[in-house]
> 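The structure under discussion is supplied below as structure tokens; questions concerning it will follow.
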Amino acid sequence: MERTLIKNLDQQIDQQVMIKGWLHTLRDQKNMQFLIIRDRTGLVQVAHYKKGNLELAQTISTLGTESALTIIGKVVENKVVKLGGLEIQLEELIVENAAEIPLPFEPFGEYLPDQDYRLDWRYLDLRRDINRLIFEVQTTAEQAMREYWIERDFIEMHSPKIMGAPSESGAELFSLPYFETTAYLAQSPQFYKQMAMAAGYERVFEIGPVFRADPSFTSRHMTEFTGVDMEISWIDSHEDVMAFMERWLAFTYQKVLEKHGDAIKETFDVTLTVPSVPFPRITMAEAFDLLEKIGYKLPPEKKFDLDPGAERAIGAHFKETEGADYVFVTDWPFEARPFYHMLDPNNQGITRSFDLLGSGLEVATGAQREHRYEILKTQALAKGLTLEPIESYLNYFRYGTPPHGGFGFGLSRFLMIMLNLSNIREAVYLFRGPTRLSP
RNA sequence: GGGGGCGUGGUGUAGUGGUUCAACAUGCGGCCCUGUCAAGGCCGAGACCGCGGGUUCGAAUCCCGUCGCUCCCGCCA
């Protein structure tokens with residue numbers, strides 16, 4: 001017999017069916033037992049008349065909620081039943097995996113344990129509808145991102161995550177024993193996607209793991225996360241990257257809205273709207289003026305950079321004045337950017353770069369890259385780097401590498417923004433942080 | 001790395017010096033209920049209040065240390 005999904009039971013009235021799912025609730029009465037069964041498509045009531053099979057009744061009485069069950073029975077219409085107006089009259093029950101009693105916590109209870117405890121029992125936590133929806137949305141979003149790219153001739157890449165030399169700063173790298181030497185976990189595909197530009201691929205993207213050895217204890221940092229990266233060639237400036245990115249992001253919103261808009265409204269009370277293109281843009285110089293005007297005081301050491309409070313203030317400002325959730329902050333001082341961001345020839349000390357803020361949270365960084373070998377070396381030296389460790393990277397720019405740029409985008413931060421989640425640990429399948437390596 | 005907050009039955013909370021201070025909810029066990037409505041009623045078990053030290057006649061409650069968690073800053077996606 002084939003398994004019937006609970007949502008399709010109404011097409012099999014008066015037939016014998018087999019369903020598979022979890023025991024959501026058990027109501028054990030004097031003469032009747034009612035089992036509420038949950039599968040990924042819904043809930044249904046299964047009724048059992050105890051005197052019809054006392055042995056089976058005894059088995060059911062011992063079941064703990066969340067047990068994995070296979071149920072065979074007859075679907076009948078019953079207007080009295082509040083759950084869908086139908087129920088299954090139990091004929092046979094197979095306990096595939098009984099849930100121990102008691103559960104560590106009740107996933108469907110009125111109160112949830114704190115997050116840390118839920119993460120210890122993440123698989124039970126993930127049974128909650130709200131969590132399933134988060135990862136359905138993530139799946140749809142990633143598919144939309146890929147669709148948008150692939151329709152525009154992009155190549156998907158998978159760059160190595162084990163590296164021989166620290167690529168950028170080196171401070172935030174995890175090291176690991178590697179035969180006779182030491183290797184490092186990639187903290188970004190940055191150099192490798194630029195290599196693809198040197199390879200003449202013109203347009204590439206990668207969705208993959210990124211590792212950061214920062215001991216950050218915040219609601220938006222992880223030591224391992226999924227980076228969404230893109231790089232394109234033959235651009236005139238970072239504006240080309242932003243123009244592509246905002247359309248790509250709007251397309252992603254559109255797809256998520258079409259497929260999950262109602263569920264998101266119901267579950268998160270978020271009315272998803274596709275962001276209007278173009279997103280507002282504000283230069284760093286303008287941002288400093290704006291912050292002064294609205295009375296946000298940056299710490300004195302922040303001469304070239306924003307702090308999280310400033311980002312939230314800017315996000316709130318554009319939400320109020322333009323109804324915009326996303327805003328590009330552009331033209332960052334070289335002091336605040338890595339050596340490979342291109343300097344603006346018309347604006348001393350300013351890079352052709354941007355951050356994307358979503359609801360005041362930094363969700364992406366991008367730029368036009370410096371592709372001219374000699375200038376790139378000069379900029380690296382200006383940052384105090386020694387050239388030898390980055391020699392293989394610098395070599396990408398010796399034999400015909402076109403002007404290019406791109407961005408890195410945080411997948412889980414994106415979900416936080418889109419679904420209004422307050423903590424990144426809710427937006428990722430399994431959280432990795434300084435003190436969290438398990439499960 | 002710096003700073004703040006929290007730590008009470010399985011879980012979530014109440015209690016901030018003694019006097020109903022160890023309570024409430026949920027879960028768990030038992031009994032009851034003519035088919036319930038993500039049920040209801042009654043009864044019961046379950047925490048020496050993170051750990052160690054101190055103050056006090058007396059500490060879950062105050063102090064110190066320590067561990068764990070959490071949030072913010074730094075850093076970033």
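Note on naming: letters A, B, ... go to the chains in the order of the sequence lines (proteins, then strands), and numbering restarts at 1 for each one.
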> What's the spacing between A:F34 CZ and A:L90 CG if we round to 0.5 Å?
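So the gap between those two atoms works out to 12.0 Å.
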> What's the CZ-P distance between A:F225 and B:A77, to the nearest Å?
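These atoms are roughly 7 Å apart.
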> Report which part of the nucleic acid A:A47 touches: base, sugar-phosphate, or nothing (heavy-atom distance under 4.0 Å, all strands).
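Counting heavy atoms under 4.0 Å across all strands, no contact is made by A:A47.
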> Could you tell me if the ring centre of A:W248 sits under 6.0 Å from that of A:F205?
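That pair fails the under 6.0 Å test.
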> Can you tell which of B:G35, B:G1, B:G12 lies closest to the side chain of A:V81?
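When the side chain of A:V81 is considered, B:G35 is the closest of B:G35, B:G1, B:G12.
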> Using a 4.0 Å heavy-atom cut-off, does A:F217 contact any base of the nucleic acid, only the sugar-phosphate backbone, or nothing at all?
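Base, at least one base atom sits under 4.0 Å.
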> With heavy atoms under 4.0 Å as the rule, sort A:R38 into base, sugar-phosphate or nothing.
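If one applies the 4.0 Å heavy-atom cut-off, A:R38 turns out to touch nothing in the nucleic acid.
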> Check if the side chain of A:S216 and the base of B:C75 share a donor-acceptor pair of N or O atoms closer than 3.5 Å.
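Under the 3.5 Å cut-off, the side chain and the base do form a donor-acceptor pair.
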> So, for A:H48 and A:A57, which heavy atoms are closest and what is the spacing to 0.1 Å?
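Looking at all heavy atoms of both residues, the closest pair is CE1-N, 3.7 Å.
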> Under 5.5 Å between ring centres and under 30° between planes: does that hold for A:Y111 against the base of B:A25?
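It does not: the two rings, one from A:Y111 and one from B:A25, miss the stacking criterion.
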> Among B:G27, B:G74, B:C37, which nucleotide has an atom closest to any side-chain atom of A:Q45?
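Among the listed nucleotides, the one closest to the side chain of A:Q45 is B:C37.
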> For A:Y396 together with A:Y192, are the ring centres under 6.0 Å from each other?
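So the answer is no for these two rings.
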> Taking atom P in both B:U13 and B:U55, what distance in whole Å separates the two?
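Looking at atom P only, B:U13 and B:U55 are 34 Å apart.
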> Any side-chain N or O of A:R118 below 4.0 angstrom from OP1/OP2 of B:C69?
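Answer no for this pair, as no side-chain N or O of A:R118 is under 4.0 Å from OP1 or OP2.
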> Side-chain N or O of A:S219 less than 4.0 angstrom from OP1 or OP2 on B:C72?
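Looking at the OP1 and OP2 atoms of B:C72, one of them is under 4.0 Å from a side-chain N or O of A:S219.
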> If you compare every side-chain N and O of A:Q29 against the phosphate oxygens of B:G35 (OP1, OP2), does one of them come in below 4.0 Å?
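Affirmative; the distance criterion is met.
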> Decide whether A:H238 and A:T330 meet the rule of one side-chain donor and one side-chain acceptor closer than 3.5 Å.
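Not at all, the side chains of A:H238 and A:T330 share no donor-acceptor pair under 3.5 Å.
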> Sticking with atom P, work out how far B:A45 lies from B:A25, rounded to a whole angstrom.
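These two P atoms come out 15 Å apart once rounded.
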> Based on Watson-Crick and G-U pairs with both distances under 3.5 Å, what dot-bracket line describes RNA chain B 5' to 3', crossing pairs as [ ] and inter-strand pairs as |?
((((((((.[[[[.)..(....]]]].(((((.......))))).....[[[[[..)....]]]]])))))))....
> What distance, rounded to whole Å, do you find between the two P atoms, one in B:A59 and one in B:C49?
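Straight-line distance between the two P atoms is 11 Å.
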> Between B:A39 and B:G53, how far apart are the P atoms? Round to whole Å, please.
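My reading of the P atoms in B:G53 and B:A39 gives 46 Å.
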> Using a heavy-atom cut-off of under 4.0 Å over every strand shown, decide if A:V228 touches base, sugar-phosphate, or nothing.
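Nothing: the residue A:V228, judged by heavy atoms under 4.0 Å, touches no strand.
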> Got a donor-acceptor contact below 3.5 angstrom from the A:Q379 side chain to the A:H341 backbone?
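Judged by distance alone, yes, a pair lies under 3.5 Å.
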> With salt bridge (charged side-chain N to carboxylate O under 4.0 Å, His left out) as the rule and sequence neighbours excluded, what pairs involving residues 237-250 of chain A come up?
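Qualifying pairs: A:E239-A:R281, A:E246-A:R281.
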> Ring of A:F334, cation from A:K383 - is the NZ or CZ under 6.0 Å from the centre and inside 45° of the axis?
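Yes, A:K383 lies over the aromatic ring of A:F334.
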> In this structure, how many angstroms lie between the P atom of B:G30 and the NZ atom of A:K30, rounded?
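Atom NZ in A:K30 sits about 17 Å away from atom P in B:G30.
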> Got a donor-acceptor pair under 3.5 Å from the side chain of A:R413 to the base of B:C76?
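Yes, the side chain and the base share a sub-3.5 Å donor-acceptor pair.
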> In whole Å, what is the span from the CZ atom of A:F108 to the P atom of B:G12?
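Computing the A:F108:CZ to B:G12:P distance gives 18 Å.
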> May I ask you to say what A:V210 touches in the nucleic acid, namely base, sugar-phosphate or nothing, with a heavy-atom cut-off under 4.0 Å?
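Answer is nothing: A:V210 stays at 4.0 Å or more from every strand.
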> Within the pair A:R425 and B:U70, is there a side-chain N or O less than 4.0 Å away from OP1 or OP2?
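The answer is yes; a side-chain N or O of A:R425 sits under 4.0 Å from OP1 or OP2.
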> May I have all residue pairs that pass salt bridge (charged side-chain N to carboxylate O under 4.0 Å, His left out) and include part of residues 407-426 of chain A, sequence neighbours excluded?
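Residue pairs passing salt bridge (charged side-chain N to carboxylate O under 4.0 Å, His left out), neighbours aside: A:R118-A:E426.
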> Given the C1' atoms of B:G40 and B:U8, what is the spacing between them in whole Å?
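Rounded to whole Å, the distance is 30 Å.
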> Between B:G27 and B:G9, how far apart are the C1' atoms? Round to whole Å, please.
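Per the computed distance, 11 Å lies between those C1' atoms.
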> Base, sugar-phosphate or nothing for A:T435? Non-hydrogen atoms, less than 4.0 Å.
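Sugar-phosphate contact only - A:T435 comes under 4.0 Å of backbone atoms but never of a base.
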> Does A:N131 use its side chain to pair, donor to acceptor, with the backbone of A:D125 at less than 3.5 Å?
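Judged by distance alone, yes, a pair lies under 3.5 Å.
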> Quick one: label A:P104 by what it contacts on the DNA or RNA (base, sugar-phosphate, nothing), any heavy atom closer than 4.0 Å.
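Sugar-phosphate contact only - A:P104 comes under 4.0 Å of backbone atoms but never of a base.
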> Determine the Euclidean distance between corresponding P atoms of B:C63 and B:G17; express it in Å to zero decimal places.
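So the two P atoms sit 12 Å from each other.
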> Are any of A:R436's side-chain N or O atoms less than 4.0 Å away from OP1 or OP2 of B:U70?
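For B:U70, neither OP1 nor OP2 has a side-chain N or O of A:R436 closer than 4.0 Å.
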> Should the side chain of A:E87 and the base of B:G35 be counted as holding a donor-acceptor pair, with the cut-off at 3.5 Å?
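Counting by modelled atom types and ignoring angles, a donor-acceptor contact under 3.5 Å is found here.
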> A:D114 has an atom CG; how far is it from atom P of B:G10, in whole Å?
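From A:D114 CG to B:G10 P: 14 Å.
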> By nearest nucleotide on RNA chain B, pick out whichever of A:D28 and A:N423 is the more 5' one.
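First, find each residue's nearest nucleotide; the 5'-ward one identifies A:D28.
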> Please report the distance, rounded to the nearest Å, between CD in A:Q33 and P in B:C37.
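A:Q33 atom CD is separated from B:C37 atom P by 16 Å.
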> For nucleotides B:G7 and B:U16, find the distance between their P atoms and express it as a whole number of Å.
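Their P atoms lie roughly 13 Å apart.
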> At 4.0 Å (heavy atoms only), tell me whether A:L411 reaches a base, stays on the sugar-phosphate, or touches nothing.
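The answer is nothing, as A:L411 stays clear of every strand by at least 4.0 Å.
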> Are the aromatic rings of A:F244 and A:F154 close, with centres under 6.0 Å apart?
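Distance test on ring centres: under 6.0 Å, yes.
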> How many whole angstroms separate atom CG of A:L119 from atom C1' of B:U11?
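Rounding to the nearest Å, CG of A:L119 and C1' of B:U11 are 15 Å apart.
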> Could you check whether A:F105 and the base of B:U11 form a stacked pair, meaning centres closer than 5.5 Å and planes differing by less than 30°?
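By the stated criterion, A:F105 and B:U11 do not stack.
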> So A:E106, base contact, sugar-phosphate only, or nothing? Heavy-atom distance under 4.0 Å.
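Counting heavy atoms under 4.0 Å across all strands, the contact made by A:E106 includes a base.
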> Ignoring the backbone of A:V80, work out which of B:G29, B:C72, B:C37 is nearest its side chain.
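Nucleotide nearest to A:V80's side chain: B:C37.
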> Quick one: which of B:U70, B:G12, B:C37 gets closest to the side chain of A:D116?
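From the listed options, B:U70 comes nearest.
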> I need the CG-P distance between A:L90 and B:U36, as an integer number of Å.
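Answer to the nearest Å: 19 Å.
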> To the nearest angstrom, how far is A:Q89 atom CD from B:U36 atom C1'?
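Distance, rounded to whole Å: 15 Å.
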> Taking 4.0 Å as the cut-off, does a side-chain nitrogen or oxygen of A:R312 come that near to OP1 or OP2 on B:C73?
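So the side chain of A:R312 is within the cut-off, an N or O lying under 4.0 Å from OP1 or OP2 of B:C73.
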